[in-house]
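The structure appears right after this line, and notes come after that.
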Amino acid sequence: MTDAAQRVAELRRQIDDANHRYHVLDEPTITDADYDRLVRELEDLEAEHPELADPNSPTTRVGATPSSAFEEVQHAIPMLSLNNAFEVEGAESDEERFREVADFVRRIVDEVEEAEPTFSVEPKLDGLAISLRYENGLFVRGATRGDGATGEDVSANLRTIRAIPLRLRGEAPPAVLEVRGEVYMPRAAFEAFNARAREKGERTLANPRNGAAGSLRQLDPRITATRPLAFYAYGLGVVEGVELPANHSQTLRWLRELGLPVCPEVDTAKGLDGLLAYYRRIGEKRDVLAYDIDGVVYKLDRYDQQRQLGFVSRAPRWAIAHKYPAQEQTTTVEAIEVQVGRTGALTPVARLAPVNVAGVVVTNATLHNADQIARLDVRVGDHVVVRRAGDVIPEVVRVVAEQIDPAKRGPAYVMPDACPVCGSAVVREEGEVASRCSGGLYCAAQRKQALIHFASRRAMDIEGLGEKIIDDLVEFDLVKSVADLYRLSLDDLLAMKRRAEERDGAVPETVKAGKIATRWAENLIEAIEASRRSTLERLLFALGILQIGEETAKALARSFGDLDAIRRADALILLAVPDVGPKVAQSIAAFFAEAHNQQIIDELLAAGVQPASSGEVDPALVKSLGLGGLILGAKRLGAPLEGLGDTSIERVAEQIDSLAALREAGEPRLVALGVPAGPAASLFALLDDDHWAPRLETAERQVSELRGRVRQTAGEGGPLTGKTVVLTGSLSALTRDEAGARLEQLGAKVSGSVSKKTALVVAGEAAGSKLDKARQLGVEVWDEARLLQLLAEHDLAP
DNA sequence: AGCCCTCGAGTTCT
DNA sequence: CTCGAGGGCT
């Protein structure tokens, strides 16, 4: 061996060793400066002697060039998700508080028939789960967890993390070793990174977790290399060419010997008491740990016992994550403001002094409505406890009573009686929780929200038309109604952009770089154009009719087939649509009764908005709409039909099939059919009523029109006809929406929540409470593979 | 008349 | 995700 080769080998050994001592043994032996010196010397030598290159030399940690996308990686053994146990709120006793963990332990004790089974216990780091693959001791690939089955190849980024060895230690490394673990950003490193970023005026990271996740998703590994990431191993994937230990805690020890860092807090514990003691011990240390955690994980230690317990769906029954309660923070209410929503609902929002709650700076929290404010008795200036409900949405939990000084306290909050945006009267309907602005589309806030709703993904899906642009369109009066969108020209948009830039005092981009700005406007116009060929149900939903969400819009579209039939439909007919009752029918009828709304629809049609899916009519609707259906509808809408019961109506409808025939038959005939005289009289009074008679006739005409257009609807007679199916968890081959659409083609009704009426639950990865509920109710559960099989049988495979 | 299920609507921050 | 309330079933 040449001198250079010897020196290179020596340097590589020293650098690897330094990394190992620092990250695995937690006993750094050389300074950062010395470390850097070694690396530089090695780099120089390798540059002079290209023949000594080695893909796993410590100098190769950063070197790869930016890629444009990450390759997909299939995990041969899926990366599991864990079931969670939360503390039961407001529990009086420990027994109650830790019920979920107790149940977990009890199940295991029963199954393995051991009074106090041993668990391997470890903190649950708040980072990003990854899988590392070593072949013959050399790092070959690393991937994110992804959906558990498929992840992204982030090898180049992982190589930059010094805690991840590029070469395993020991004489005889396994042929294949996949190690699972967590990439995280130590708190101190996170703080230091942000301090430096602030000095340099660069972007700071929101919290260590996002920092770790964002860093690994960088396309340029040189950026990842600047991020202070670390790694702890906690499990295995595929392993070949070596005998595994008999339990998990031995495996962790073995991984450490191979040079992989394992969290020093890992331990073993026996029985429920042991687990809870560990939970408390780590909980007390939580603030002084070098990294963020959100709970602890308990894993049954012995592998043979793990196998005995097995899996439910994709979560192991032998492990559970025990989460600490949501972090609460105290802050001050600086103001209470109201927002005006699409429907005019006024929502009070607490503006808070910025406070970091579990890694996210919270400045707003909804107070829902006047009742909620009264219940909490929140006032401006109060100290309040804030937490992120369900880990996402901030909420005010309570006012800190001890800090209230009654003398200095502001007045109780009162909802405004005029809309803060348009000044219209605010009304609160009897029995309703919400207060509403009565301004309708006169109110700029409602107009804006209507436009945002119209353009949103689930409605017309106009890409590029977001809140900011809508703000400007409304402010500069380019758009008053949704129909105006289709009349926008390129020049309009460019002129608007110029005015907005002037207003903001920004550099006039449109002037200096015309090309880019034009491109933006062209794309938007194109997206608006494309939305003209949306579907009928999307258009109906997009119109923003009160009470009409996606489901009802779908039902209406299927029942009537085209917009024209719906806009003319009488409330009597609407009532026959599934899930439409008096309130919803009234709301639809009221919307189309507004000349203003009809005009907007005319304009939309004139602008070429033409839903693609028109024409099909659900035969079930028309079937239920004979004379009986119409009379029943009138009754539900409050027509004066004293004493006329449903059975009487049915009896009449059996014998008489039209209004004309009813008139001809006359009262005596009804009495002969068994309808009591009084009710029969009230029905005939209705036929002479100025309000109801014409409505009934119009409705009857409309029904016969619809009858002429009945077609066989898709899905009729499919294998899932009449069955309610619930999708939960994430699927890998297709999205839930796509799966739902296909199931509907097979006749299924796809619902969002599990009940005893649910015929089938399809559980994807990381399915949660819905899956639990399905099991509780004994509902049939399928995994994704079973679903794909069914879809394939009907040529619906993705 | 009352209960159970769904659907609609609203919300935060990155 | 959560709440409230509309609709339908018993």
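Proteins get letters first, then strands, A, B, ... in listed order; numbering begins at 1 in each.
- A:Leu727 has its CG atom 14 Å from the P atom of B:dT6, to the nearest Å.
- For A:Tyr324, the ring-ring contact (aromatic ring centres under 6.0 Å, His included) partners at least two apart in sequence or on another chain are A:Tyr279.
- Legend: residues meeting salt bridge (charged side-chain N to carboxylate O under 4.0 Å, His left out) with A:Asp579, ordered by chain and number and at least two apart, are absent.
- Residues passing the ring-ring contact (aromatic ring centres under 6.0 Å, His included) test with A:Phe190, sequence neighbours excluded: none.
- Protein atom CG of A:Leu540 is 17 Å distant from nucleotide atom P of B:dC7, rounded to whole Å.
- Counting heavy atoms of neighbouring residues, nucleotides and ligands inside a 6.0 Å radius, atom CD of A:Glu780 exceeds 12 of them.
- In this structure, A:Glu467 atom CD and B:dG10 atom P are separated by 14 Å, rounded to whole Å.
- A sub-4.0 Å separation between OP1 or OP2 of B:dT12 and a side-chain N or O of A:Thr363 is absent.
- Look at CD on A:Glu550: it is 11 Å from P on B:dA9, rounded to the nearest Å.
- Closest contact between the side chain of A:Arg342 and the listed nucleotides B:dA9, B:dG8, B:dT11 involves B:dA9.
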- Query: Going 5' to 3' along nucleotides 3-10 of chain C, which nucleotides have protein heavy atoms under 4.0 Å from the base (write B), which only from the sugar-phosphate (write S), and which from neither (write -)?
  - Reply: -SSSSS--
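- Counting only residues at least two apart or in different chains, salt bridge (charged side-chain N to carboxylate O under 4.0 Å, His left out) contacts with residues 436-449 of chain A comprise A:Glu432-A:Arg436, A:Lys448-A:Asp471.
- More than 12 heavy-atom neighbours from other residues, nucleotides or ligands sit within 6.0 angstrom of CD on A:Glu334.
- Side-chain N/O atoms of A:Thr343 include none lying less than 4.0 angstrom from OP1 or OP2 on B:dG8.
- Between A:Asn364 and B:dT11, a side-chain N or O to OP1/OP2 separation shorter than 4.0 Å is absent.
- In this structure, CZ of A:Arg458 is placed 13 Å from C1' of B:dA9, rounded to the nearest angstrom.
- A:His453 places its NE2 atom 7 Å from the P atom of B:dA9, with the value rounded to the nearest Å.
- Separating the CD1 atom of A:Ile452 from the P atom of B:dG10 is a distance of 12 Å, rounded to the nearest angstrom.
- Distances shorter than 4.0 Å separate some side-chain N or O of A:Thr347 from OP1 or OP2 on B:dT11.
- Atom CD in A:Glu395 sits about 14 Å away from atom P in B:dC13, given to the nearest Å.
- In this structure A:Phe454 satisfies the ring-ring contact (aromatic ring centres under 6.0 Å, His included) test with no other residue, sequence neighbours excluded.
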